[in-house]
Amino acid sequence: SLADLFRELSDVKNGKGTTRHEAILDKVIRMAENGSLKAAEMYFSRIEGKPKEFVEQTIIKDEVIIE
């Protein structure tokens, strides 16, 4: 499967002995440290889990209104 191929490719080491997986993670961390909010969100959502989202609902005469 494609997922298996990606797993195999992520385990390939570069000339420094670092796997592609480790290199990508290092890049995301460096981007977050340099101020990339998207990289920080990606990193923390994987480490701590995504924050819970809340939706407020009002039911009027059998109609659901989502705000």
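All values reported here derive from a predicted model rather than from experimental measurement.
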Supply the atom-to-atom distance [X] [atom1] to [Y] [atom2], rounded to the nearest 0.5 angstrom.
X: Leu5; Y: Ser10; atom1: CG; atom2: OG; result: 9.5 Å
X: Phe6; Y: Arg20; atom1: CZ; atom2: CZ; result: 10.5 Å
X: Ile29; Y: Ile24; atom1: CD1; atom2: CD1; result: 12.0 Å
X: Asp26; Y: Arg30; atom1: CG; atom2: CZ; result: 4.5 Å

For Ala39 and Ala32, work out which heavy atoms get closest and say how close.
CB-N, 3.7 Å
Heavy-atom pair with the smallest gap, counting every atom of Gly17 and Lys13
O-CD, 3.6 Å
Salt bridge Arg7-Asp11, side-chain N to carboxylate O under 4.0 Å
no
Cluster question for you: counting only ILVMFWY and a side-chain heavy-atom cut-off of under 4.5 Å, with indirect links fine, are Phe44 and Val28 together?
yes
Tell me whether Ile47 is reachable from Met42 by hopping between hydrophobic residues (I, L, V, M, F, W, Y) whose side-chain heavy atoms are closer than 4.5 Å.
yes
Who passes side chain to side chain donor-acceptor pair (under 3.5 Å) against Glu22, sequence neighbours left out?
Thr19
